[in-house]
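Heads up, the thing below is written out as structure tokens.
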Amino acid sequence: MDTKEILNNANSISLEPAATEGNQSELCKIWPTAKQALEILQGLIKNPALKVIISTIIAAGDAIIGKVCN
């Protein structure tokens with residue numbers, strides 16, 4: 001699944017209710033920093049497979065944040 005597919009299918013991502021209870025505000029606060037760190041890391045590495053993995057993590061994080069923080 002590529003990053004566009006993840007974002008397009010964000011509504012089908014299911015989350016454990018306990019994973020978001022009481023953690024939304026903290027998760028919503030730290031995601032921008034975590035995302036920025038992943039983007040910097042992605043720019044530093046040469047391995048194309050790792051770049052794709054990091055892209056996928058970023059897309060999944062954006063999709064989950066869209067569900068939890070909006």
Hey, could you give me the CD1/CG distance between Ile57 and Leu50, rounded to the nearest 0.5 Å?
9.5 Å
Name all residues meeting the side-chain hydrogen bond (donor to acceptor under 3.5 Å, both in side chains) criterion together with Lys35; count only those two or more places apart in sequence or in a different chain, and write none if there are none.
Asp62
Taking all atoms of both residues into account, what is the closest heavy-atom pair of Trp31 and Ile58, and its distance?
CZ2-O, 3.7 Å
Pair listing, side-chain hydrogen bond (donor to acceptor under 3.5 Å, both in side chains) test, anchored in residues 38-48, at least two apart:
Gln42-Ser55
With Ile40, which residues qualify under side-chain contact (heavy atoms from CB on, under 4.5 Å), at least two apart?
Gln36, Leu44
Residues passing the side-chain contact (heavy atoms from CB on, under 4.5 Å) test with Leu41, sequence neighbours excluded, are Ile45, Ile54
